[in-house]
Amino acid sequence: MRYELVIFDNDGVLVDSEPISNRLLAAYLTELGHPTTYEESIRDYMGSAMHRIHDLVLERTGRRLPDDFDDVFHARVFAAFERELKPVAGMTGVLEKLAADGVPYCVASSGSHERIRVGHRTTGLDRWFDDGRIFSSQDVGRGKPAPDLFLHAAERMGVAPERCVVVEDSPLGVQAAVAAGMDVFGFTAMTPAANLAGATQLFSEPGQLADLLV
């Protein structure tokens, strides 16, 4: 294999959480007086750390979101995860192959550590990711599209950036990987291919990803 580390985004790549979280985010922002459709949430916030939501709302409206916004939103998301969340179909097979081949891998997500762990526990993906393989935007000063998170994950895993490949489904994540000097495979299941134009390769289903990683 030509890569020494595979870095997975979490939401939309490992767990099928983007439809759930963006539905709830659009509804909550609308409830707070910031009318937002599901499609607009996907366009503006998919792949973002929470601080980007606060920043964009303040920039656009001049109004700050409530101090408890993150706590309320996460409580709603976690409750929905318990009812609805599934792993992305086919990704467990990719993880099985990487583990069998002894290829190092980890997850680097804009989501909080709690969000990552709730999602993994609910879907059974926790068996593949111990604490040493989980990295969050909470660990660095800036979230995606800054390269900080991916560079942090590579450093902690002991692999040079140019020997890493990132698996992403958001434009912000692709930008972050490119800025980190890493190859990036863009997952087009929810994102139009044109929006991931900076990716090294594109794929639409996990079986194709397994072939790209060979």
Side-chain angles (χ1 to χ4, degrees), residues 1-15 18 46-49 87-88 90-113 115-117 119-120 125-191 193-214:
M1 181 176 168
R2 63 185 184 277
Y3 299 108
E4 296 175 11
L5 176 65
V6 181
I7 304 176
F8 290 94
D9 175 45
N10 189 57
D11 294 293
V13 171
L14 294 174
V15 295
E18 294 290 9
M46 182 171 159
S48 299
V88 170
M91 278 299 179
T92 54
V94 176
L95 295 171
E96 287 172 355
K97 186 174 189 329
L98 292 176
D101 293 345
V103 177
Y105 63 89
C106 65
V107 60
S109 172
S110 293
S112 66
H113 278 282
R115 177 181 173 129
I116 297 167
R117 285 167 170 79
H120 285 191
L125 289 178
D126 52 347
R127 64 174 290 204
W128 302 105
F129 292 93
D130 56 34
D131 287 348
R133 296 180 190 265
I134 297 176
F135 305 99
S136 161
S137 62
Q138 289 181 311
D139 303 330
V140 295
R142 301 180 299 169
K144 305 168 188 177
D148 305 34
L149 176 57
F150 291 140
L151 292 173
H152 171 70
E155 181 182 13
R156 290 289 301 274
M157 297 293 289
V159 178
E162 63 270 18
R163 301 301 304 158
C164 300
V165 63
V166 175
V167 183
E168 264 288 354
D169 71 330
S170 75
L172 294 176
V174 169
Q175 293 171 39
V178 171
M182 300 175 180
D183 282 357
V184 54
F185 295 156
F187 187 26
T188 61
M190 280 193 62
T191 307
N195 293 356
L196 303 177
T200 310
Q201 298 278 353
L202 299 174
F203 69 99
S204 60
E205 55 186 49
Q208 295 171 327
L209 173 61
D211 293 337
L212 290 173
L213 291 173
V214 173

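- The side-chain heavy atoms of V15 and M91, taken from C-beta on, include no pair separated by under 4.5 Å.
- In this structure, CG on L212 lies 5.5 Å from CD on Q201, to the nearest 0.5 angstrom.
- The heavy-atom pair separating S109 from L149 by the smallest distance is O-CD2, 3.4 Å.
- Ion pairing between a basic and an acidic side chain is recognised when a charged N comes within 4.0 Å of a carboxylate O; R115 and D11 show such pairing.
- Counting heavy atoms from C-beta on, the side chains of E168 and F187 never come closer than 4.5 Å.
- How far CG of D126 is from CD1 of I134: 8.5 Å, rounded to the nearest 0.5 Å.
- Distance CZ/R117 to CG/L125: 13.5 Å, rounded to 0.5 Å.
- Using a cutoff of 4.0 Å between basic side-chain nitrogens and carboxylate oxygens, R2 and D183 are not scored as salt-bridged.
- Residues L14 and V88 are not in side-chain contact: their nearest non-hydrogen atoms beyond the backbone lie 4.5 Å or more apart.
- A pairwise comparison of heavy atoms in S170 and G47 identifies OG-CA, 3.8 Å as the closest pair.
- Note that the CG atom of L95 and the CZ atom of R127 stand 9.5 Å from one another [nearest 0.5 Å].
- Smallest separation of non-hydrogen atoms from G111 and I116: O-CD1, 3.9 Å.
- Residues A176 and A146 come closest through the heavy atom pair CB-O, 3.3 Å.
- Using a 4.5 Å heavy-atom threshold, the side chains of V165 and V184 count as separate.
- The shortest non-hydrogen separation linking A189 to S204 is CB-O, 4.4 Å.
- Partners of R133 according to the salt bridge (Lys or Arg N to Asp or Glu O under 4.0 Å) rule, which considers only residues two or more places apart in sequence or in another chain, do not exist here.
- In terms of modelled atom types and a separation under 3.5 Å, the side chain of D130 and the main chain of G132 share a donor-acceptor contact.
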Worked verdict on K144 versus F150 for side chain to side chain contact (heavy atoms under 4.5 Å, CB included): CA-CA 9 Å; K144 305 168 188 177; F150 291 140; 3.6 Å; yes
Pair L209-F8, side chain to side chain contact (heavy atoms under 4.5 Å, CB included): steps then yes or no: CA-CA 11 Å; L209 173 61; F8 290 94; 4.2 Å; yes
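- Between Y3 and R163, the closest side-chain pair of non-hydrogen atoms is not below 4.5 Å.
- In this structure a side-chain-to-backbone donor-acceptor pair under 3.5 Å is missing from T188 to A193.
- When all heavy atoms of P161 and M182 are compared, the closest pair comes out as O-CG, 3.3 Å.
- At least one side-chain heavy atom of S48 sits under 4.5 Å from a side-chain heavy atom of L172.
- Between the S137 side chain and the S110 main chain, a donor and an acceptor come within less than 3.5 Å of each other.
- Side-chain contact between I7 and M157 is absent, with no heavy atoms from C-beta onward closer than 4.5 Å.
- More than 12 heavy atoms of other shown residues, nucleotides or ligands fall within 6.0 angstrom of atom CD in E96.
- Note on ring orientation: taking the six-membered ring where Trp is involved, the planes of H120 and F129 are tilted (angle from 30° to 60°).
- You'll find the side chain of D139 reaches within 4.5 Å of the side chain of H113, heavy atoms only.
- Judged by distance alone, with hydrogens and angles left aside, the side-chain atoms of Q208 form a donor-acceptor pair with the main-chain N or O of E205 at under 3.5 Å.
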V107 vs W128, side chain to side chain contact (heavy atoms under 4.5 Å, CB included): CA-CA, chis, key distance, verdict: CA-CA 10 Å; V107 60; W128 302 105; over 6 Å; no
Working for side chain to side chain contact (heavy atoms under 4.5 Å, CB included), residues L213 and F203: CA-CA 11 Å; L213 291 173; F203 69 99; over 6 Å; no
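- In this structure, CD on E18 lies 7.5 Å from CG on D9, to the nearest 0.5 angstrom.
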